[in-house]
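This report concerns only the one structure given below.
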Amino acid sequence: GSTITRATVLSDMVIVSTAEGIAIRSGALTVRTTDVSAQQGITAWGAGTNPLIEGCVVTAAWTGISIEGEGVLRESDVEGGPAVTVRGAVLVEDNLIHATSDVGISIWEGSPEILANVINEDASRVGTCSWGFCSGVDIWGGSPQILNNVIYGMGGEWSAAVSIVHGELVVERPNIHSNTLYVSRVAGTGASRSAGVTCTSFFGLATFGELRNNIIVGAANGTSFGYYEDDGDPGTTCRPVLLENNLLDVDHAVRLWTT
């Protein structure tokens, strides 16, 4: 509850569960150097939520770590599908993250900072997704700062390092800056499409923030793009406000959908 502060420490444990490993409600628990293997790894939510999760190994059949509110996830090894979900001012820093399905990090709202992580590096730990671009990071809302990461897409016929979806939530001003973005981790077929960053709009003329100073590396198979604007309904677009100073090793720099 709300009386639990960072001074309350859970450390050096091994937790195995057929349901949820650790649930933090409206508290600021510190979880340090703990191994969690569960259907759902660590979940934090509720008013006043602000956990510190540090130096942990989390393996989950479903979501590895979910934080709604504030919090810090640092120097941990997280695997799940999705591996990490955040809503709010969450710092995700210096972690090793693998998506067994869905996505590596899923951002829903707020202003999280995604800094210096390695996402989907080990192909043997990366799965596929069932919808859209299978990605290392997806953004459904908010203004995340995504800086200095190494991010691989997942694989299959549609793959992206970062995918942005303009839907019911408001995608405000994501800043995707100084990352190394690999469009795919698991090779697709000759017909596959992959990109460093993609954007799909379901509602009108959407713009998002900045895509700059990144290195974007294409795939061996299929067709790769630096930035890919997905097809939409007539009258829908999704484009960055600023696209500059990116180093591209892909088949095509930019693909725009025109209505």
Apply side-chain contact (heavy atoms from CB on, under 4.5 Å) to R25 and W45, showing your working. CA-CA 5 Å; R25 182 174 181 180; W45 79 103; 3.7 Å; yes
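- Atom OG1 of T49 is separated from atom CZ of R87 by 13.0 Å, given to the nearest 0.5 angstrom.
- With a 4.5 Å cut-off on side-chain heavy atoms, I67 and I53 count as touching.
- No option in D231, T223, D230 other than D231 meets the side-chain hydrogen bond (donor to acceptor under 3.5 Å, both in side chains) test with R255.
- V126 and V118 fall into different hydrophobic clusters, where Ile, Leu, Val, Met, Phe, Trp and Tyr side chains are chained together by heavy-atom contacts under 4.5 Å.
- S111 contributes atom OG, which lies 7.5 Å from atom CD of Q145 (distance to the nearest 0.5 angstrom).
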Please walk me through it: do E229 and R239 pass side-chain contact (heavy atoms from CB on, under 4.5 Å)? CA-CA 7 Å; E229 182 184 42; R239 297 173 184 176; 3.1 Å; yes
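- The shortest distance between side-chain heavy atoms of T198 and R193 does not fall below 4.5 Å.
- Here the OG atom belonging to S26 is positioned 9.5 Å from the CD1 atom belonging to I4, to the nearest 0.5 angstrom.
- Side chain of S76 to backbone of V78: no donor-acceptor contact under 3.5 angstrom is found.
- Rounding to the nearest 0.5 Å gives a distance of 7.5 Å between CG of D77 and NE2 of H98.
- Listed here is the closest heavy atom pair of A219 and S194: CB-OG, 3.9 Å.
- The shortest distance between side-chain heavy atoms of I146 and I151 falls below 4.5 Å.
- Counting only heavy atoms from C-beta outward, the side chains of I22 and M13 never approach each other to under 4.5 Å.
- Linking ILVMFWY residues whenever their side-chain heavy atoms come closer than 4.5 Å, directly or via other members, leaves L29 and L91 in distinct clusters.
- There is no side-chain donor-acceptor pair under 3.5 Å between T100 and E79.
- Residues V103 and I139 do not share a hydrophobic cluster, clusters being chains of Ile/Leu/Val/Met/Phe/Trp/Tyr side chains in contact below 4.5 Å.
- Under the 4.5 Å side-chain criterion, counting only non-hydrogen atoms from C-beta, C199 is in contact with Y227.
- No side-chain heavy atom of V72 sits less than 4.5 Å from a side-chain heavy atom of E93.
- When all heavy atoms are compared, the tightest approach of G104 to I119 is CA-CG2, 4.3 Å.
- Counting all heavy atoms, side chain and backbone alike, A60 lies closest to G64 at CB-CA, 3.7 Å.
- Looking at every heavy atom in both residues, Q40 comes nearest to T43 through CG-OG1, 3.7 Å.
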Report the C-alpha separation of L147 and S178 in whole Å, then their side-chain angles, then the decisive distance to 0.1 Å, and conclude whether the side-chain contact (heavy atoms from CB on, under 4.5 Å) test is met. CA-CA 6 Å; L147 311 176; S178 300; 5.7 Å; no
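- Side-chain contact annotation: S11 with T33, donor-acceptor N/O pair under 3.5 Å absent.
- The aromatic rings of Y182 and Y152 sit parallel to each other, their planes meeting at less than 30°, with 60° as the upper class boundary.
- No side-chain donor-acceptor contact under 3.5 Å links T63 to the backbone of I65.
- Atom CZ of residue F208 and atom CG of residue L243 lie 8.0 Å apart, to the nearest 0.5 angstrom.
- Linking ILVMFWY residues whenever their side-chain heavy atoms come closer than 4.5 Å, directly or via other members, leaves M154 and F133 in distinct clusters.
- S159 places a side-chain N or O within donor-acceptor distance of the main-chain N or O of V183, the cut-off being under 3.5 Å.
- The pair R212-E244 fails the salt-bridge criterion, with no side-chain N (NZ, NE, NH1 or NH2) lying under 4.0 Å from an Asp/Glu carboxylate O.
- When atom types are taken as modelled, the side chain of H177 and the backbone of E210 share no donor-acceptor pair closer than 3.5 angstrom.
- Taking the ring pair (Phe, Tyr, Trp, His ring centres under 6.0 Å) definition, one finds that F225 meets it with Y228, H252, sequence neighbours left out.
- Under a 3.5 Å cut-off, the side chain of T8 and the backbone N or O of R6 do not form any donor-acceptor pair.
- Residue P51 comes nearest to I24 through the heavy atom pair CB-CD1, 4.0 Å, listed as atom of the first residue, atom of the second, then distance.
- Here the side chain of D138 pairs no donor or acceptor atom with the backbone of S163 at under 3.5 angstrom.
- Here disulfide bond (SG atoms under 2.5 Å apart) pairs that include residues 32-66, with residues two or more places apart or in two chains, number zero.
- Hydrophobic clustering of Ile, Leu, Val, Met, Phe, Trp and Tyr side chains at less than 4.5 Å, counting indirect connections, keeps I42 apart from V14.
- Results of the side-chain hydrogen bond (donor to acceptor under 3.5 Å, both in side chains) test with N149 over N214, N179, D94 single out N179 as the only residue that passes.
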Candidate pair T85 and E68, rule side-chain contact (heavy atoms from CB on, under 4.5 Å), full reasoning: CA-CA 8 Å; T85 65; E68 298 185 14; over 6 Å; no
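- In this structure the side chain of L181 never reaches within 4.5 angstrom of the side chain of N246, judged on heavy atoms.
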Salt bridge (charged side-chain N to carboxylate O under 4.0 Å, His left out) between E121 and R185: does it pass, once the steps are laid out? CA-CA 7 Å; E121 180 184 42; R185 190 64 191 93; over 6 Å; no
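- For the side-chain contact (heavy atoms from CB on, under 4.5 Å) with V137, the qualifying choice from V84, N120, I107, I176 is I107, the only one to do so.
- By the 6.0 Å contact criterion, CH2 on W62 is open, its count of non-hydrogen atoms from other residues, nucleotides or ligands being 12 or less.
- Closest heavy-atom contact between R173 and G209: CG-CA, 3.6 Å.
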